[in-house]
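These numbers were taken from a predicted model, which means no experiment stands behind them. Only heavy atoms go into these numbers, but all of them, side chains included; no hydrogens, no water, no symmetry mates.
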Amino acid sequence: MSLTAILFVLLAVGAIATGITTITRRNPVTAAMFLVLHFVMLSGLYLTLQAQLLAALQILVYAGAIMVLVLFVIMLLNLGKEEQLTEKLNTRSIVSIAFAAVMILQLGSVFLAQPTTYTQMS
């Protein structure tokens, strides 16, 4: 395995880890910082694929300009107490969970179904 392939795998695992960490953080500023790290990982992936322009644009546009705007909005929100922001389980949540479960079951049955031996008659 070449050095480029090893670096690609490491950056891909890092990108997945920082992406998951971004969406699981409770503090929005911490999540934004992990998002910046995710953009850096993606930029490294582009470099391993010999796409230097995309890597530079990823850093300049996303990690630079967009993240400044995201942090600016987070600071303007002034969230305060997080206890008041938690959502309680209500009828809408229960219905949406039920629909999601039905959809997952349907998709699972489609992907796990055995093909039939019938041929199409024209």
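- The hydrophobic cluster containing Leu7 also contains Leu49, counting ILVMFWY residues as joined when their side-chain heavy atoms lie under 4.5 angstrom apart, directly or transitively.
- Residues Val70 and Val29 are members of one and the same hydrophobic cluster, defined by side-chain heavy-atom contacts under 4.5 angstrom among Ile, Leu, Val, Met, Phe, Trp and Tyr.
- Hydrophobic clustering places Leu42 together with Leu11 (ILVMFWY residues linked when any side-chain heavy atoms are closer than 4.5 Å, directly or through intermediates).
- Membership of the apolar cluster around Phe34 extends to Leu37, as traced through chained side-chain contacts below 4.5 Å between ILVMFWY residues.
- Nearest heavy-atom pair, Ile74 versus Pro28, reported as atom, atom and distance to 0.1 Å: CD1-O, 3.6 Å.
- For residues 15-24, the side chain to side chain donor-acceptor pair (under 3.5 Å) pairs, not counting sequence neighbours, are Thr18-His38.
- Residues Phe8 and Met41 are members of one and the same hydrophobic cluster, defined by side-chain heavy-atom contacts under 4.5 angstrom among Ile, Leu, Val, Met, Phe, Trp and Tyr.
- Rounding to the nearest 0.5 Å places CG of Leu47 at 11.0 Å from OG1 of Thr4.
- Atom CG of residue Leu10 and atom CG of residue Leu45 lie 10.5 Å apart, to the nearest 0.5 angstrom.
- In this structure, the separation between CG on Leu57 and OH on Tyr46 is 10.0 Å, given to the nearest 0.5 Å.
- Tyr62 OH to Leu35 CG: the interatomic distance, rounded to the nearest 0.5 Å, is 11.0 Å.
- A distance of 4.5 Å separates CG of Leu89 from CD1 of Ile94, quoted to the nearest 0.5 Å.
- Put simply, CG on Leu76 and CG on Leu71 are 11.0 Å apart, with the number rounded to the nearest 0.5 Å.
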